[in-house]
Novice: 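Could you have a look at this structure, given as structure tokens, before my questions?
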Amino acid sequence: MNRICRSALQARLLYIFRMDLNPHSRKLRVGRVSITGQVYLVTSVTHQRFEFFRDLQAGRTVVKLFQKAHLCGAAETLAFVVMPDHFHW
């Protein structure tokens with residue numbers, strides 16, 4: 001994935017989900033490894049389980065981000081589901 005595509009996607013995700021890049025990140029990574037080419041399931045829950053994705057436009061936006069990540073080569077998407085207060089990718 002090229003650097004411009006990655007940074008644009010990262011910026012968009014940070015804006016939409018107001019993600020903190022380092023919330024106890026060291027503790028979360030203890031004992032974990034990331035292996036290229038493996039299958040991973042990503043789950044994210046909205047702050048205080050607010051039903052952000054109940055809004056159709058918000059749900060469509062996250063789907064477009066998943067598609068863009070796939071097209072940019074950031075991820076190979078096998079499946080995803082967007083629920084009112086969380087998603088699985």
Side-chain angles (χ1 to χ4, degrees):
M1 173 174 72
N2 69 43
R3 196 168 59 121
I4 294 170
C5 182
R6 182 177 63 238
S7 62
L9 181 62
Q10 230 175 16
R12 187 74 176 148
L13 285 170
L14 288 172
Y15 175 77
I16 289 176
F17 301 111
R18 311 291 195 275
M19 294 166 56
D20 182 355
L21 288 178
N22 295 310
H24 311 288
S25 60
R26 288 186 182 145
K27 291 179 185 176
L28 292 171
R29 290 191 302 259
V30 171
R32 296 185 184 198
V33 297
S34 179
I35 303 169
T36 302
Q38 294 298 304
V39 176
Y40 293 92
L41 171 66
V42 176
T43 298
S44 184
V45 178
T46 59
H47 181 65
Q48 296 181 344
R49 291 277 186 174
F50 177 74
E51 294 187 348
F52 183 76
F53 302 119
R54 184 169 294 281
D55 174 68
L56 184 60
Q57 188 62 38
R60 285 183 175 172
T61 298
V62 77
V63 167
K64 287 178 185 177
L65 286 169
F66 293 159
Q67 291 170 334
K68 185 173 183 174
H70 182 82
L71 293 173
C72 286
E76 183 176 340
T77 300
L78 301 177
F80 61 83
V81 60
V82 179
M83 306 297 284
D85 64 349
H86 70 284
F87 63 79
H88 303 281
W89 178 30

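Just so you know, these numbers use all the heavy atoms, side chains as well, and skip hydrogens, waters and symmetry mates.
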Novice: Side-chain contact test, heavy atoms from C-beta onward, threshold under 4.5 Å: evaluate it for F52 versus V62 and give yes or no.
Specialist: no
Novice: Is there a side-chain contact (heavy atoms from CB on, under 4.5 Å) between T46 and E51 once you walk through the steps?
Specialist: CA-CA 7 Å; T46 59; E51 294 187 348; over 6 Å; no
Novice: Would you compute the distance between atom CD of Q67 and atom CZ of R60 and round it to the nearest 0.5 angstrom?
Specialist: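 Answer for the CD-CZ pair, Q67 versus R60, is 11.5 Å.
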Novice: Please find the pair of heavy atoms, one from V81 and one from M83, that lie closest to each other, and give the distance.
Specialist: CG2-SD, 3.7 Å
Novice: When rounded to the nearest 0.5 angstrom, what distance separates CZ in R54 from CG in D85?
Specialist: 9.0 Å
Novice: Which value, rounded to the nearest 0.5 Å, describes the distance between T77 atom OG1 and K68 atom NZ?
Specialist: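 Rounded to the nearest 0.5 Å, the OG1-NZ separation comes out at 14.0 Å.
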Novice: How about CD on E76, more than 12 heavy atoms from neighbouring residues, nucleotides or ligands closer than 6.0 Å, or not?
Specialist: no
Novice: Relative to each other, are the rings of W89 and F66 parallel, tilted or perpendicular (30° and 60° limits)?
Specialist: parallel
Novice: For a 4.5 angstrom cut-off between non-hydrogen side-chain atoms, does F87 reach V63?
Specialist: no
